[in-house]
Amino acid sequence: MPSINKGGARPAALFVMDPVHLDRLFPPAVRKRLSEVLRLPESAAPHPAAAPDIDPAEVEVLITGWGCTPLTEPVLAQLPRLRAVLHAAGSVKHHITPACWERDLVVSSAAAANALPVAEFTLGVILLSGKNALGTAARYAAGGRPPTVAQTSAFGNYRRRIGIVGASRIGRRVIELLRPFDFEVAVHDPYLPEGRARELGVVPLPLDELCAVSDVLSLHAPAVPATRGLLDARRLALLPDGATVINTARGSLVDHAALEAELVSGRITAVLDVTEPEPLPADSPLFGLDGVLVTPHIAGALGNELERLGELVADEAAALCAGRPLGHRVHRSDLDTIA
């Protein structure tokens, strides 16, 4: 890739995002790294035209984040020298438009850095679900008694069967984190070759079979038309009694009404970091169920984890300006197969 840092001059860049995220993504040490290769503004704005520090007509690099306006043709027309968009978050689907691909812009994403906290969150709730921690805690609080030996007969994480739906970036990180434990891990992903599944150390299965054998079913597939309602009433019914569904991907992957019926019945349990609709209505019965944990989309990078995303963007900016290949470049063809 040709360097954009010609003649030693630092290319002009803009931070295009909700300003509330800027300092956590790019604290002083990370901002310093970026400033060594890019000419940076002092502030951020959701739209390039709102940037007060640098003339958009001079800008060659956009550093985008949550709150970025869609980069449509009229927006790009104000950025005639733009060469690259480095996204300090996960999916680029919400702001990278066909006009960006037609301009042949280099697009990069910090999705890999965002995948780690999601995978860590998933590992944590898998381990807790094996101890039936949610239901047990609720019953303990209500009755003040620990569970009996008979009640704990189905507890434990030894050889528990974990089903991963989607060997996406996050799905693969979850598989990596599960390796030190005595789990039996299987996966369903129509894009995953059988040989690659073997390399990952997991068993590839059709989705119906995966549902039927999984004590825990964790969803990591992308939200595309083909995956809407992927986990429907029929597939939910295939899950063993007492199974746990974990969804940190997108609420659209699950038939919500069917899932609610299964959870209200108490036959299965769930940890839902995403739902459809999102947020759930305040009177949703899921909020009062012992075996259900609903969290407000907290699995991804938050707080001090955001700096990891900024570090990845700084790495990408250095590679871009040196003419090296970007480690996290996104291509148009990637968008339907990654989460």
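A donor-acceptor pair shorter than 3.5 Å cannot be found between the side chains of His328 and Ser109.
Using a 4.5 Å heavy-atom cutoff, the side chains of Arg332 and Pro98 are in contact. In this structure, Arg83 and Val106 have side chains that are not in contact, with every pair of non-hydrogen atoms separated by 4.5 Å or more. Side-chain contact between Pro285 and Val292 is absent, with no heavy atoms from C-beta onward closer than 4.5 Å. When side chains are defined from C-beta on, Leu320 counts as touching Val61, because their heavy atoms get closer than 4.5 Å. Contact check for Val271 versus Leu134: side-chain heavy atoms found under the 4.5 Å cut-off. Residues Leu40 and Phe26 have side chains not in contact (no heavy-atom distance under 4.5 Å, counting atoms from C-beta outward). Between Pro279 and Pro296, every side-chain heavy-atom pair lies at or beyond the 4.5 Å cut-off. For the pair Cys100/His95, no side-chain contact is recorded, criterion being any heavy-atom separation below 4.5 Å from C-beta on.
Using a 4.0 Å cut-off between charged side-chain N and carboxylate O, Arg159 and Asp182 make no salt bridge. Glu176 and Arg172 are not joined by a salt bridge, as no carboxylate oxygen comes within less than 4.0 angstrom of a charged side-chain nitrogen. Between Arg308 and Glu311, no side-chain nitrogen of the basic residue sits less than 4.0 Å from a carboxylate oxygen of the acidic one, so the salt-bridge criterion is not met. Under a 4.0 Å N-O distance rule, the pair Arg234/Asp208 qualifies as a salt bridge.
A donor-acceptor contact shorter than 3.5 Å is absent between the side chain of Arg235 and the backbone of Leu207. Judged by distance alone, the side chain of Thr148 and the main-chain N or O of Gln151 form a donor-acceptor pair under 3.5 Å. For the pair Glu60 (side chain) and Ala84 (backbone), a donor-acceptor distance under 3.5 Å is absent. Of the possible donor and acceptor atoms, one in the side chain of Ser129 sits under 3.5 Å from a partner among the backbone N and O of Ile126. The closest donor-acceptor contact from the side chain of His188 to the backbone of Leu205 lies under 3.5 Å. Counting only distance, with no hydrogens or angles, the side chain of Asn157 and the backbone of Leu127 share a donor-acceptor pair below 3.5 Å. Of the possible polar contacts, one joining the Ser265 side chain to the Glu262 backbone as a donor-acceptor pair under 3.5 Å is found. Judged by distance alone, the side chain of Asp273 and the main-chain N or O of Ile298 form a donor-acceptor pair under 3.5 Å. In this structure a side-chain-to-backbone donor-acceptor pair under 3.5 Å is present from Ser153 to Ala150. Between the Asp18 side chain and the Gly67 main chain, no donor and acceptor come within less than 3.5 Å of each other.
Heavy-atom minimum distance, Pro240 versus Cys211: CD-O, 3.4 Å. The shortest non-hydrogen separation linking Ala88 to Leu309 is O-CD2, 3.4 Å. For the pair Ala167 and Leu192, the tightest heavy-atom approach, listed with the atom from each and the gap, is CB-CD2, 3.9 Å. Nearest heavy-atom pair across Pro56 and Ala49 is CG-CA, 4.3 Å. Between Arg329 and Leu105, the shortest heavy-atom distance links the atoms NH2-O, 4.4 Å. Smallest separation of non-hydrogen atoms from Thr69 and Pro48: CG2-CD, 4.0 Å.
Hydrophobic clustering, with ILVMFWY side chains joined whenever heavy atoms are under 4.5 angstrom apart, groups Ile164 together with Leu123. One hydrophobic cluster, built from ILVMFWY side chains closer than 4.5 Å, holds both Phe181 and Phe121. Val254 and Leu280 fall within a single hydrophobic cluster, where Ile, Leu, Val, Met, Phe, Trp and Tyr side chains are chained together by heavy-atom contacts under 4.5 Å. The hydrophobic clustering, which links ILVMFWY residues whose side-chain heavy atoms are closer than 4.5 Å, places Val224 and Val165 apart. The hydrophobic cluster containing Val202 does not contain Leu210, counting ILVMFWY residues as joined when their side-chain heavy atoms lie under 4.5 angstrom apart, directly or transitively.
Atoms CG and CD, on Asn247 and Glu276 in that order, are 10.5 Å from each other to the nearest 0.5 Å. Within the model, atoms CG of Asp255 and CG of Leu231 stand 8.5 Å from one another, a figure rounded to the nearest 0.5 Å. Atom CG of Leu289 is separated from atom OG of Ser284 by 8.0 Å, given to the nearest 0.5 angstrom. Between the CG atom of Leu34 and the CD1 atom of Ile63 there is a distance of 4.5 Å, given to the nearest 0.5 Å. Rounded to the nearest 0.5 angstrom, Ile175 CD1 and Ile162 CD1 are separated by 11.5 Å. Of the inter-residue distances, the one linking Thr122 atom OG1 with Ile246 atom CD1 reads 6.0 Å to the nearest 0.5 angstrom.
Surrounding CD of Glu73 are more than 12 heavy atoms belonging to other residues, nucleotides or ligands, all under 6.0 Å away. Counted within 6.0 Å of CZ on Arg24, heavy atoms from surrounding residues, nucleotides or ligands total 12 or fewer; the atom is thus considered open.
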- Task: Using the side chain to side chain contact (heavy atoms under 4.5 Å, CB included) rule, take His47 and Val75 through it: C-alpha gap first, then chi angles, then the decisive distance, then the call.
- Result: CA-CA 8 Å; His47 194 291; Val75 174; 3.7 Å; yes
- Step-by-step side chain to side chain contact (heavy atoms under 4.5 Å, CB included) determination, Arg267 to Leu239: CA-CA 9 Å; Arg267 193 184 75 80; Leu239 292 167; 4.0 Å; yes
- Residues Ile96, Thr64; criterion side chain to side chain contact (heavy atoms under 4.5 Å, CB included); working and verdict: CA-CA 10 Å; Ile96 297 297; Thr64 58; over 6 Å; no
- Item | CA sep, side-chain torsions, deciding dist, call: Arg179, Leu200, side chain to side chain contact (heavy atoms under 4.5 Å, CB included) | CA-CA 10 Å; Arg179 284 198 185 110; Leu200 291 170; 4.2 Å; yes
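Using cut-offs of 30° and 60° on the angle between ring planes, the pair His21 and Trp66 is perpendicular.
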